[in-house]
Amino acid sequence: MRRMLLALALALVLIALAVPAYAGSPHFVDDKVTFTVDGDTVTVVFKEAGLGDEDQVHVVLSGDAACVNPGGNKPQAANKESFSAAGDFPVQNGRTEGSLSVTATFQPSCSPPMTVQWSNLVLTDETSGISTSP
């Protein structure tokens with residue numbers, strides 16, 4: 001019986017050593033994520049932690065832009081589009097940080113008095129499957 005328990009304990013130790021270590025709990029650091037809109041461009045600056053042993057992460061900024069008149073109306077279907085920007089960011093000590101920008105371009109252009117209005121902004125780490133919004 002003692003030998004059987006010793007063999008079982010040894011087997012459990014070997015299994016534990018054979019499983020790759022992944023000490024990650026990916027999350028965006030809330031007070032380090034800022035979405036800034038400047039005219040027709042939206043920029044996000046972010047910090048992500050809990051990435052474990054990842055070498056890099058693939059991050060995507062996406063959103064919808066509409067060309068809106070001063071009355072708040074969106075005049076044409078052609079003036080509503082989805083835009084995105086993506087990048088690969090290196091991970092050091094389980095953390096990464098960076099920024100992404102996307103600029104809305106319309107044909108015809110969205111010129112004054114029309115303005116670009118952003119909606120559905122989402123920052124996604126496609127490597128770990130997490131997202132955050134403003």
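These figures come from a predicted structure and were not determined experimentally.
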Could you please spell out the steps behind the side-chain contact (heavy atoms from CB on, under 4.5 Å) verdict for W118 and V102? CA-CA 11 Å; W118 287 94; V102 65; 3.8 Å; yes
Heavy-atom side-chain contact between V42 and F83 under 4.5 Å: no
Could you see if V45 belongs to whatever hydrophobic cluster contains V60? Use Ile, Leu, Val, Met, Phe, Trp, Tyr and a side-chain cutoff under 4.5 Å. no
Determine whether L61 and V33 fall in the same hydrophobic cluster, where Ile, Leu, Val, Met, Phe, Trp and Tyr are linked whenever their side-chain heavy atoms lie under 4.5 Å apart. yes
With distance as the sole test, does S133 use its side chain to make a donor-acceptor pair with the main-chain N or O of L121 at under 3.5 Å? yes
Counterpart residues, ring pair (Phe, Tyr, Trp, His ring centres under 6.0 Å), relative to F35 (two or more places apart): none
I'd like to know if the side chain of D125 and the backbone of T127 have a donor-acceptor N/O pair within less than 3.5 Å. yes
Can you tell me how far the SG atom of C67 sits from the CD atom of Q107, to the nearest 0.5 Å? 11.5 Å
For F46 and V29, run side-chain contact (heavy atoms from CB on, under 4.5 Å): C-alpha distance rounded to whole Å, both residues' side-chain angles, the deciding distance at 0.1 Å, then the answer. CA-CA 8 Å; F46 65 91; V29 180; over 6 Å; no
Can you give me the closest heavy-atom contact between D88 and H58, atom names plus distance? OD1-ND1, 2.7 Å
Evaluate the side-chain contact (heavy atoms from CB on, under 4.5 Å) criterion for residues V91 and V57: first the C-alpha distance (whole Å), next the side-chain angles of each, then the deciding distance (0.1 Å), finally the verdict. CA-CA 7 Å; V91 175; V57 292; 4.0 Å; yes
For residues E97 and F89, report the shortest heavy-atom separation together with the two atoms involved. O-CD2, 4.0 Å
Taking every non-hydrogen atom, the tightest pair across L100 and A86: CD2-C, 3.8 Å
Under 3.5 Å, is there a donor-acceptor pair between the side chain of T96 and the main chain of P90? yes
With sequence neighbours left out, the residues meeting side-chain hydrogen bond (donor to acceptor under 3.5 Å, both in side chains) with D64 are S82, N120
If I take atom OG1 from residue T115 and atom CG from residue D40, how far apart are they, to the nearest 0.5 angstrom? 10.5 Å
Within the supplied structure, the quantity of interest is the number of heavy atoms (other residues, nucleotides, ligands) at a distance under 6.0 Å from D55 CG; does it exceed 12? no
For the residue pair L123 and V59, establish whether any side-chain heavy-atom pair is separated by less than 4.5 Å. yes
Could you measure the distance from the NZ atom of K47 to the NE2 atom of H27? Nearest 0.5 Å is fine. 9.0 Å
Could you go step by step and tell me if E48 and I130 meet the side-chain contact (heavy atoms from CB on, under 4.5 Å) rule? CA-CA 10 Å; E48 188 177 359; I130 63 168; 3.3 Å; yes
Do you know the tightest heavy-atom contact between A65 and V116? CB-CG1, 3.9 Å
Could you state the interatomic distance from CG (N69) to CD (Q117), rounded to the nearest 0.5 Å? 10.5 Å
How would you list, by chain and number, every residue that makes a side-chain hydrogen bond (donor to acceptor under 3.5 Å, both in side chains) with S84, sequence neighbours excluded? none
Find the distance between NZ (K80) and OG (S119) and round it off to the nearest 0.5 Å. 10.5 Å
So, for A85 and S101, which heavy atoms are closest and what is the spacing to 0.1 Å? CB-O, 3.3 Å
